[in-house]
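All remarks here apply to the structure that follows.
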Amino acid sequence: MRSLKSMAAVLAVSMIAASGTAALSPMETLAAGRPESIDRETWARLQDNLLEYDEIENLVVYYNPMYQQVVNMIQPNVEALAEAARQMREDARQASLDAEAAKESGDILNQMILEMTAEGEREAAKQFERSIDSVNRSSELGLNQTRKQLTSGIQQMMIGYNQVLLSEELSATAIELSQTLLQSTETQKNLGMATDADVQSAQKALLSAQSQQQTLNDTKTSLKQNLCLMTGWTYDAAMEIGSVPAPDLSRIASMNPQADYSRALANNYTIISARHSPFGRGTDAVNRKEKTMEEMEGQLKTRLESLYQTVLQNKTAYEAADTAFQSARLTMDGNERKYQMGMMGRLEYLQARVAYLQQKMAADNAALALTQAIANYDWALEGIVELE
């Protein structure tokens, strides 16, 4: 499986990182003692077997193998990082091709899962690529950049994991619906009301639903293993992954790309690096550097505005999806009563439930997408944003 190959690449990198700095798992950290820089309550939360969204940065600082490399100034195996990124990009490319195939065949659920997988793998590859230069530097600037990049990447993975979880109930109900439809079709065939072709079509629908569920489970397993490795657990640790916070709408109200630009500029690591890079001597070199800096600053301004517009678009989608879900929930409440009173058959009820769960998943996904969009904007203010 693509996702398992990516996990193996991350595992290889983590093992190399750990060879120089034996990062303890959260289950073993009590023996290491609490650092003075962290309070007892926060430290105690890091010791449980629950990964929470707001713990990610601390877990990166104390347990992420790559971050520990930078802290201890261990020369990283850049080739391994590059190979991990290359493998993830190849897996993302294949996932995108599979998503297109699923789209053409009308397999919308599998298409969504594969697209989420591809996006998560591309983002993880970007974070590895951006970390290659950072892990070679022991400066405070490099350390902060690595911490932010890893935290951002793990947040993205955790959001992706929660997106996969949203599909589980829908997938299980789709299988139940397909099984019920097959049974109904077989009964109709025995009564002469359906053909062998109808039965075969129902069997294919059931196999497709089961295949979707297997893909979902594989993706969920891979994401969990990667999250374990990146936050200090062993890849097969018995840990629970918590939910992602609801989008903070008040944060959107305080966003202002024009006013925020100066902060984004001061923190942008790409621009900082270019500003301190030698361009040669002489007037031509000075002019070339000034032109380069102007172009990069213009790109940052454009990128920040684009991220802000994405937040607004996702907010609109989130509100629309929530409205649709509230309507679907009222309809489903009525269907539940009808089914309990015997006014709706099992097949019709399951069809109605699938439609309801699709609306629920759309609303929940819209919330996660908005949370991610807000995070992307805020990370840009912290210097973590890709410039073209």
Side-chain angles (χ1 to χ4, degrees), residues 66-67 70 76 78-79 81-82 84-86 88-90 92-93 96 118-156 251-252 254-315 369-388:
M66 282 178 282
Y67 186 82
V70 183
V78 176
E79 290 78 14
L81 285 170
R86 187 202 65 76
M88 284 189 176
R89 287 200 177 279
E90 174 59 26
R93 185 188 70 81
S96 295
E119 179 60 26
E121 288 172 333
R122 279 192 293 267
E123 184 60 27
K126 289 179 184 178
Q127 303 308 332
F128 277 122
E129 290 165 351
R130 294 170 188 167
S131 295
I132 289 176
D133 291 336
S134 299
V135 295
N136 283 318
R137 299 189 341 229
S138 60
S139 66
E140 183 178 356
L141 185 68
L143 187 62
N144 286 337
Q145 182 180 6
T146 300
R147 171 178 53 79
K148 292 175 183 178
Q149 287 171 337
L150 290 170
T151 301
S152 172
I154 295 170
Q155 285 177 345
Q156 172 95 15
R251 173 69 189 99
I252 301 174
S254 64
M255 289 179 179
N256 185 327
Q258 289 74 35
D260 293 337
Y261 172 71
S262 58
R263 177 181 170 188
L265 177 61
N267 289 330
N268 188 269
Y269 293 98
T270 303
I271 292 176
I272 291 172
S273 177
R275 187 178 296 133
H276 292 89
S277 297
F279 275 66
R281 298 180 178 180
T283 303
D284 289 344
V286 172
N287 291 339
R288 186 167 61 252
K289 182 171 184 177
E290 288 180 353
K291 182 178 180 181
T292 298
M293 298 307 301
E294 288 176 1
E295 290 175 350
M296 295 179 72
E297 290 171 8
Q299 291 171 6
L300 176 60
K301 186 173 293 186
T302 300
R303 189 77 177 99
L304 194 61
E305 179 62 36
S306 175
L307 289 170
Y308 176 64
Q309 292 301 322
T310 299
V311 169
L312 297 183
Q313 291 166 8
N314 282 332
K315 179 176 180 288
L370 180 54
T371 295
Q372 182 65 66
I374 294 171
N376 289 343
Y377 182 90
D378 285 341
W379 279 119
L381 302 188
E382 293 296 319
I384 304 301
V385 62
E386 185 174 4
L387 300 180
E388 297 180 0

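These numbers were taken from a predicted model, which means no experiment stands behind them. Residues: numbered from 1 along the sequence shown.
Contact of the Tyr269 side chain with the Gln149 side chain is not registered, since no non-hydrogen atoms from C-beta on lie closer than 4.5 Å. Residues Asn267 and Leu381 have side chains not in contact (no heavy-atom distance under 4.5 Å, counting atoms from C-beta outward). Looking at Ile271 and Leu300, their side chains come closer than 4.5 Å, going by heavy atoms from C-beta outward. Within the 4.5 Å cutoff, the side chain of Arg93 has no heavy atoms near those of the Arg122 side chain. With a 4.5 Å cut-off on side-chain heavy atoms, Ile384 and Thr151 do not count as touching. Residues Ile374 and Met255 have side chains in contact (heavy-atom distance under 4.5 Å, counting atoms from C-beta outward). At a threshold of 4.5 Å between non-hydrogen side-chain atoms, the residues Asn314 and Thr371 do not count as touching.
With rounding to the nearest 0.5 angstrom, the CD atom of Glu297 is 12.0 Å from the OG1 atom of Thr302. To the nearest 0.5 Å, the span separating CD on Gln145 from CG on Asn268 amounts to 9.0 Å. Rounding to the nearest 0.5 angstrom, the gap separating the OG1 atom in Thr292 from the CZ atom in Arg275 is 12.5 Å. The OG atom of Ser96 lies 8.5 Å from the CD atom of Glu119; values are rounded to the nearest 0.5 Å. Between the CE atom in Met296 and the CG atom in Leu387 there is a gap of 5.5 Å [rounded to 0.5 Å].
Of the candidates Met88, Glu386, Gln156, Lys126 forms a side chain to side chain contact (heavy atoms under 4.5 Å, CB included) with just one, namely Glu386.
Qualifying side-chain hydrogen bond (donor to acceptor under 3.5 Å, both in side chains) partners for Asp378, counting only residues two or more places apart in sequence or in other chains: Arg251. Listed by chain and number, the residues in a side-chain hydrogen bond (donor to acceptor under 3.5 Å, both in side chains) with Gln309 are Glu305 (sequence neighbours excluded).
Across all non-hydrogen atoms, the minimal contact from Asn376 to Leu307 is O-CD1, 3.8 Å. Taking every heavy atom of both residues into account, Ala92 and Glu121 meet most closely at N-OE1, 3.2 Å. Residues Ala274 and Lys289 come closest through the heavy atom pair O-CE, 3.8 Å. Closest approach of Ala264 to Leu304, counting heavy atoms only: CB-CD2, 4.3 Å. The minimum heavy-atom distance between Ala373 and Val311, with the atom names listed, is O-CG2, 3.4 Å. When all heavy atoms of Trp379 and Gln155 are compared, the closest pair comes out as NE1-OE1, 2.8 Å.
Between the side chains of Asp260 and Tyr377, at least one donor N or O lies within less than 3.5 Å of an accepting N or O.
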- Would you please test Leu143 and Tyr67 for side chain to side chain contact (heavy atoms under 4.5 Å, CB included) and show each step? CA-CA 8 Å; Leu143 187 62; Tyr67 186 82; 3.4 Å; yes
- Message: One pair to check against side chain to side chain contact (heavy atoms under 4.5 Å, CB included): Thr270 and Val385. What are the steps and the verdict?
- Response: CA-CA 9 Å; Thr270 303; Val385 62; over 6 Å; no
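The backbone N or O of Ser306 sits less than 3.5 Å from a side-chain atom of Thr310, completing a donor-acceptor pair.
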